[in-house]
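Comments concern the structure below.
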Amino acid sequence: LLPLLAALAAGAAEARATSEGQLSGAAAMGTGTPPSPSGTAFEETRLHVFTLDYPHVQIPFEITLWILLASLAKIGFHLYHKLPSIVPESCLLILVGLLLGGIIFGAEEKSPPVMNSDVFFLYLLPPIVLDAGYFMPTRLFFENFGTIFWYAVVGTLWNAIGIGISLYGICQISAFGLTDITLLQNLLFGSLISAVDPVAVLAVFENIHVNEQLYILVFGESLLNDAITVVLYNLFKSFCQMRTIKVIDIFAGIANFFIVGIGGVLIGILLGFVAAFTTRFTHKIRVIEPLFVFLYSYLSYITAEMFHLSGIMAITACAMTMNKYVEENVSQKSYTTIKYFMKMLSSVSETLIFIFMGVSTVGKNHEWNWAFVSFTLLFCLIWRALGVFVLTQIINVFRTIPLTFKDQFIIAYGGLRGAICFSLVFLLPPAVFPRKKLFITAVIVVIFFTVFIQGITIRPLVEFLDVKRSNKKQPAVSEEIYNRFFDHVKTGIEDVCGHWGHNFWRDKFKKFDNKYLRRLLIRENQPKSSIVSLYKKLEIKHAIEMAESGMISKVPSSVSLSDYHEGKIKPLSPTEMENMREILTKNLYQIRHRTMSYNRHSLAADANEKQAKEILIRRRHSLRESLRKTNSLSRERPVLAFCGGFF
Amino acid sequence: GLLSREDFQRIPELAINPLGDRIINAFFPEGEDQVNFRGFMRTLAHFRPIEDNEKSKDQNGPEPLNSRSNKLHFAFRLYDLDKDDKISRDELLQVLRMMVGVNISDEQLGSIADRTIQEADQDGDSAISFAEFVKVLEKVDVEQKMSIRFLH
């Protein structure tokens with residue numbers, strides 16, 4: 001693979017050089033040769049059998065090659081199946097990028113194309129945020145909204161200001177040669193480096209078993225704090241460019257923060273409703289239904305960006321609004337298409353971003369200063385840990401389910417930095433920031449440290465923490481059964497309570513929703529999910545069977561109860577026990593998860609749906625049994641009705 | 001102010017819970033088809049978390065519903081359909097069948113059930129009595145597994 005890439009890169013470089021040569025040659029020819037009336041001065045070009053015209057396709061060609069390279073790299077990682085669990089994919093992608101950057105640097109002797117911040121913010125970032133917002137479990141999100149908001153806003157502010165001020169203190173020490181960096185510049189640097197990017201952590205979360213609360217906290221915080229970082233960044237950047245700062249400017253800054261956040265959300269919600277309304281009428285043109293989803297969400301992003309509002313919050317709000325209504329209006333196939341396409345886009349974006357990060361690292365735009373870089377790293381870690389700890393102490397007072405020490409550790413240690421702070425640092429105007437290269441170096445070092453070292457070690461550390469806490473496991477087959485049994489019972493009772501637990505605002509919203517919004521936005525008479533339509537099909541089939549065979553039906557789940565021999569139970573060998581335990585682990589039904597574990601790279605819904613179908617079919621049969629016993633067909637109604645509020 | 005079984009069956013999440021039917025049955029007292037609020041609360045009270053200060057308070061009075069032994073009793077009753085204070089092989093098999101996917105054959109399930117009984121059984125009657133049930137679960141953190149924090 002590598003020689004091929006090298007050849008391609010070299011070939012691309014050469015072709016560019018020769019094509020430039022060709023162009024200049026053509027220009028020279030055009031101007032140099034005077035038009036001659038005699039007709040012999042033009043060199044006639046014979047008909048070419050084979051031509052190479054690279055500049056014509058240069059831009060799309062290179063883009064396609066980049067994306068292809070990214071995808072091939074991903075295939076490569078997964079060939080060795082243990083690799084992704086030890087080393088997170090982001091690390092591997094950055095390594096590939098570094099390699100590629102090195103090749104290009106070696107081939108052309110100049111810095112490789114640095115990721116254009118416009119490209120990042122306008123094209124690469126929206127798909128990732130859209131994907132995250134679309135698959136966000138809204139109910140859990142809103143239940144924990146207070147905590148999420150607290151961590152995102154106050155936590156980011158704490159980090160930004162803390163890092164900024166401490167770095168300013170370091171800069172004052174003249175021995176390091178940093179005295180020309182002002183307080184405002186330090187604050188700006190602090191705000192852009194506190195942009196925690198837990199996307200990489202989420203990939204690690206699949207291996208660590210975290211409770212759902214923690215998962216939604218980290219997930220929600222990542223979305224909200226990106227917006228806050230961007231607001232702070234723009235704020236401090238404008239401050240840096242102003243000559244004097246008056247008190248009124250600070251108030252304007254605070255007001256701007258609110259406007260940016262709320263404005264973005266409003267735009268998102270508005271466009272989400274418009275999208276839902278549009279899909280109400282698309283039943284004749286099913287094929288382009290997915291397009292509306294993507295167009296409207298992207299529209300919300302760029303509209304918000306146009307007004308300098310928070311595009312991230314806009315697209316998240318749009319996705320969350322659309323999710324509810326669009327799901328019911330579009331066909332099943334369109335829905336699947338939307339989900340898959342979204343995953344594909346966000347996966348590609350993320351891959352490209354990491355590769356570009358690696359490529360852009362190689363080059364001449366660095367300035368190394370031991371003190372600044374190491375202290376930046378140190379302060380990032382310290383302030384993150386302190387921040388999480390202090391904030392959790394405060395917020396635990398208000399929460400019914402407090403966050404344990406293990407949770408706090410995961411949140412603090414999982415503060416990996418990523419592509420957003422990378423792009424923000426490239427956006428710094430060099431006129432105002434003469435030491436821009438220093439900032440770039442520091443940011444790159446921090447990102448590499450967090451992604452590589454923290455990313456790789458977080459899993460072993462958590463396992464270490466877990467092992468210290470949990471008791472020795474009993475090597476009993478039955479334990480698996482009992483544990484799962486208790487889990488099922490607990491989730492069942494939780495569902496009973498949850499169903500009857502009332503939340504004032506949620507109820508109000510539901511009433512409003514049912515009365516006005518759903519009537520406006522949803523087309524009538526649509527089957528709600530594949531399970532309900534399957535159920536209805538089975539009902540019809542069974543009704544026909546019953547009519548034909550006169551109420552006789554087989555019960556598939558009757559175990560061989562009559563075959564049981566009253567005999568001694570013989571002891572089992574260890575291998576047989578192992579077998580049993582394996583069978584159980586694989587085949588016991590999973591408990592109902594309120595939140596699907598978020599995975600950038602795959603859709604997790606299929607396994608759960610299969611399990612749900614099996615359970616439903618079995619229960620339907622046993623309900624038929626009890627029906628037969630009481631012999632009253634009036635029981636049919638609730639059986640259909642309980643699928644009514646499905647999914 | 002009365003709940004019937006249909007009301008419970010309308011909860012979608014319970015429909016796809018493998019033990020849904022058993023859980024619904026647990027709410028209804030013997031032979032009745034309706035439960036009032038008091039009975040509903042009694043069942044739910046089993047799942048209150050155990051608090052430390054409660055242990056010291058009422059030593060002489062009746063045991064609170066959410067004590068460890070009452071929680072275990074609740075779970076035991078979910079297995080024991082015929083209420084003979086023993087989980088027979090059949091009852092265990094029924095619950096196992098509900099909890100397991102369709103890929104497992106009846107013989108495999110039978111041997112798993114046998115093994116489970118064997119691990120718990122101490123008096124050799126090929127069934128699990130309540131005392132044996134408690135003994136098997138003594139290392140399991142039942143208090144945590146069967147506690148729900150109400151009122152989020």
Side-chain angles (χ1 to χ4, degrees), chain A residues 143 400-401 471 474 476-479 481-499 501 503 557 559-561 564 566 569-572 576-577 580 583-584 586-589 591-592 611-612 614-616 618-619 622 635 637-639 641-647, chain B residues 5-6 8-23 27 43-44 47 74-75 78-79 89-90 93-104 106-112 114-121 126 136-137 139-142 145-152:
Chain A
E143 275 178 17
T400 15
I401 305 180
N471 309 318
Q474 256 180 344
V477 161
S478 45
E479 184 170 304
I481 301 179
Y482 290 132
N483 279 329
R484 196 58 63 93
F485 176 79
F486 282 126
D487 286 337
H488 279 303
V489 171
K490 182 170 168 181
T491 40
I493 300 276
E494 267 179 355
D495 286 325
V496 171
C497 309
H499 189 77
N503 184 324
S557 64
V559 186
S560 54
L561 299 174
Y564 175 52
E566 284 274 351
I569 304 170
K570 49 185 191 331
L572 294 168
E576 283 177 322
M577 262 185 60
M580 272 191 192
I583 292 176
L584 279 178
K586 280 198 208 126
N587 284 292
L588 279 174
Y589 283 138
I591 52 175
R592 181 254 324 131
Q611 171 179 320
E614 281 178 15
I615 298 179
L616 264 187
R618 176 179 306 150
R619 288 193 73 220
S622 60
R635 286 275 196 123
R637 205 149 306 240
V639 161
F642 77 68
C643 281
F646 236 137
F647 280 68
Chain B
R5 284 173 206 270
E6 281 85 28
F8 281 94
Q9 280 163 357
R10 270 195 216 113
I11 306 173
E13 289 91 355
L14 265 188
I16 55 170
N17 190 318
L19 301 172
D21 289 326
R22 296 283 170 112
I23 295 175
F27 278 92
T43 314
L44 284 184
F47 284 85
F74 182 80
L78 287 177
Y79 278 99
R89 184 180 185 266
D90 295 345
L93 264 178
Q94 281 180 28
V95 173
L96 271 181
R97 185 82 255 176
M98 290 201 284
M99 291 210 296
V100 145
V102 295
N103 299 332
I104 297 200
D106 291 338
E107 301 88 57
Q108 282 174 317
L109 214 57
S111 44
I112 292 177
D114 287 333
R115 175 75 202 171
T116 311
I117 294 185
Q118 186 185 27
E119 282 171 358
D121 200 14
S126 305
V136 170
L137 292 174
K139 293 231 182 74
V140 173
D141 190 6
V142 176
K145 278 188 177 293
M146 283 188 63
S147 297
I148 299 176
R149 286 194 178 262
F150 300 108
L151 303 170
H152 267 248

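Lettering follows sequence order; numbering is per chain, from 1. What you see is a predicted model, and the numbers here were worked out from it, not measured in a lab. These numbers come from the heavy atoms of this one structure, side chains and all, not from hydrogens, waters or symmetry mates.
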Answer with side chain, backbone, both or neither: which region of B/E107 has an atom nearer than 4.5 Å to a non-hydrogen atom of chain A?
neither
Which heavy atom in A/F486 sits nearest to a heavy atom in B/A75, and how many Å separate them?
CE2-CB, 3.6 Å
Residues A/H488 and B/I23: closest non-hydrogen pair is O-CD1, 4.0 Å
